[in-house]
Amino acid sequence: MARGTFTGGIHPYEGKELSKDKPIKIVMPKGELVYPVSQHIGAPAKPVVRVGDHVLTGQMIAEAGGFVSAPIFATVSGTVKAIEPRRLATGAMCNSIIVENDEKYEEVEFKPMKPYEEMTAQDKIDAVRNAGVVGMGGAGFPTAVKFSPKEPDRIDYVIANCSECEPYLTSDYRRMIEEPELLLEGLKIAVSIFPNARGILAIEDNKPDAIAKFTELTKDEDKISVKAVKTKYPEGAERMLIYACTGREINSSMLPADAGCIVDNVDTLCAVCRAVKEGRPLMERIVTITGEAVENPQNYKVRIGTNYRELLEDAGLKSEPAKIISGGPMMGFAVFDLDVPTTKTASALTCLSSDEVSALEPSACINCARCVEVCPERLVPKNLADAVEHNDEKTFLAMYGMECCECGCCSFICPARRQLTQLIKGMRKIQLGKRKK
Ligand code: SF4
Ligand code: SF4
């Protein structure tokens, strides 16, 4: 099987051996559940419950705040204790619905669904929208909007992003190994929304057992195939994956649909399957708790709203972490307060020990060009960072700084330890803010 790939990229220490062989463990929430109204890209959801209301598991507690938005559901039964700003893993405050868990887990009656083969494309999109499904790989883009491109008949490929290229993370891998039928059904449903689409399961070749499993499961499928992609970071970034699977290129001003592609992550497709076949809303996700500082690195099935601290307490710490990251070390962000909720987009908590956190100070650029060699967007990170340091927006834009996908490869490889990605990311944020205005 020919392996797909892209130019550039890096091979960081994988760290996946810590948790990859740990079966998914169900963890039940102990304390209150916190549901921020912004767990997705787009308008915040609007609370439809009041303080003192009794809610059931699976009950909508906040409705979508617009077309690009998503509803939020209670993941336990209990009482609405408060609606107030609470801190997110990013450190930002967000209006949140707080539910006191009564530990009875009484569920609403989910609406029975027709077999998806008898549903129209719009029925399936509506089911995904009503279930509050969003991109669970981190972006949080509402999946129903992604499934509604202007020209659905021009979608040629739905790609299941099974690469999980981020170091340490193993939640997608465990889903693939333990619930492959759920993922495959989700992909088949997504493919069935588009009249001319085929499905691709894009799996990095460091997961040969997952490749073998899906090759066997899809041997009689005429519209679904498995594509082994080279193990290299950031293989799972949307633009790189589309190129590796189809040879098609997109830039920052295009959507994957402009290249005839839809890309969805593993957990998202599992949630699509539940939404369309069972009418069940998005209420849980798989989260990896890992890192050298963790006693028992694990993959957990977690109810959205569960406190991060409870997950870390279950896994245990063997040493004081030097750094705790929400997500993986390449694309994640440092967490300074563990009393924050698991959201729809929270994939992992990585606790690094001091040995893994470099304390080296940045020094002057030695013009080695390594950052250029690894940049998957074919940019010149060194020059972009220089432009940012000189506050030279014009040069930054002229050198295509907005094409940066913030993968972190340049910072990782730089022998001078320059904070290249951070500088470029900062300027991109400013420019994106200006575009919005
Ligand atoms: S410039 Fe951007 S895209 Fe290129 S390596 Fe650095 S972070 Fe990645
Ligand atoms: S990798 Fe670092 S030292 Fe080398 S050219 Fe790029 S910025 Fe300069």
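Numbering of ligands and ligand atoms starts at 1, following listing order. Remember, it's a predicted structure, so these values are computed and weren't measured experimentally. Hydrogens, waters and symmetry mates are skipped; everything else that's a heavy atom, side chains included, is used.
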Suppose I only count heavy atoms of [X] and a 4.0 Å limit; which atoms of ligand 1 are within that range?
X	value
Gly408	7 (S), 8 (Fe)
Glu377	3 (S)
Thr421	7 (S)
Ile424	1 (S)

Item to complete: Pick one of side chain, backbone, both or neither for how Ala385 approaches ligand 2, counting any non-hydrogen atom pair under 4.0 Å.
Response: neither
Item to complete: Would you mind telling me if ligand 2 is within reach of the side chain of Asn367, the backbone, both or neither, using heavy atoms under 4.0 Å?
Response: backbone
Worksheet item: Are any of the side-chain nitrogens in Arg418 or Glu389 under 4.0 Å away from the carboxylate oxygens of its partner?
Response: yes
Discussion item. Can you tell whether the side chains of Glu216 and Lys219 come within less than 4.0 Å, N to carboxylate O?
Written reply: yes
Worksheet item: Does the ring of Phe147 carry Lys124 above it, NZ/CZ under 6.0 angstrom from centre and within 45° of its axis?
Response: no
Practice prompt. Answer side chain, backbone, both or neither: which part of Lys425 comes under 4.0 Å from ligand 1, heavy atoms only.
Written response: neither
Discussion item. Please determine whether side chain to side chain donor-acceptor pair (under 3.5 Å) holds for the pair Thr5 and Tyr243, giving the CA-CA distance in whole Å, both sets of side-chain angles, and the decisive distance to 0.1 Å.
Written reply: CA-CA 7 Å; Thr5 193; Tyr243 183 76; over 6 Å; no
Item to complete: Measure the shortest side-chain to side-chain distance between Leu312 and Ile324 over non-hydrogen atoms and say whether it is less than 4.5 angstrom.
Response: yes
Worksheet item: Does Cys375 put an N, O or S atom under 2.8 Å from atom 2 (Fe) of ligand 1?
Response: no
Fill in: CA sep, side-chain torsions, deciding dist, call: Arg378, Glu403, salt bridge (charged side-chain N to carboxylate O under 4.0 Å, His left out)
CA-CA 9 Å; Arg378 315 316 298 147; Glu403 295 304 314; over 6 Å; no
Practice prompt. Could you walk me through whether Ser19 and Thr288 pass side chain to side chain donor-acceptor pair (under 3.5 Å), step by step?
Written response: CA-CA 8 Å; Ser19 57; Thr288 306; 5.1 Å; no
Worksheet item: Is there a heavy atom in Val374 that sits closer than 4.0 Å to ligand 1?
Response: no
Discussion item. If the contact criterion is a heavy-atom separation under 4.0 Å, does Leu420 count as touching ligand 1?
Written reply: no
Would you mind checking which non-hydrogen protein atom is closest to [atom], with the distance to 0.1 Å?
atom	result
atom 8 (Fe) of ligand 1	Cys407 SG, 2.3 Å
atom 2 (Fe) of ligand 1	Cys404 SG, 2.3 Å
atom 3 (S) of ligand 1	Cys405 N, 3.5 Å
atom 6 (Fe) of ligand 2	Cys371 SG, 2.4 Å

Discussion item. If we only consider heavy atoms of Ile366, is any one of them less than 4.0 Å away from an atom in ligand 2?
Written reply: yes
Worksheet item: Strictly under 2.8 Å, is any N, O or S atom of Cys410 next to atom 6 (Fe) of ligand 2?
Response: no
[atom1]/[X] to [atom2]/[Y] distance, rounded to the nearest 0.5 angstrom?
X	Y	atom1	atom2	result
Glu235	Cys162	CD	SG	12.5 Å
Asn391	Met427	CG	CE	5.5 Å
Ile193	Tyr116	CD1	OH	10.5 Å

Worksheet item: Can Tyr300 and Asp314 be counted as having a side-chain donor-acceptor contact under 3.5 angstrom?
Response: yes
Any idea which atoms of ligand 2 are less than 4.0 Å away from a heavy-atom of [X]?
X	value
Ala369	4 (Fe), 5 (S)
Cys365	3 (S), 5 (S), 7 (S), 8 (Fe)
Arg418	7 (S)

Worksheet item: Got a sec: is Cys368 within less than 2.8 Å of atom 4 (Fe) of ligand 2 via an N/O/S atom?
Response: yes
Discussion item. If you count every heavy atom of other residues, nucleotides or ligands that lies below 6.0 Å from Phe412 atom CZ, does the total exceed 12?
Written reply: yes
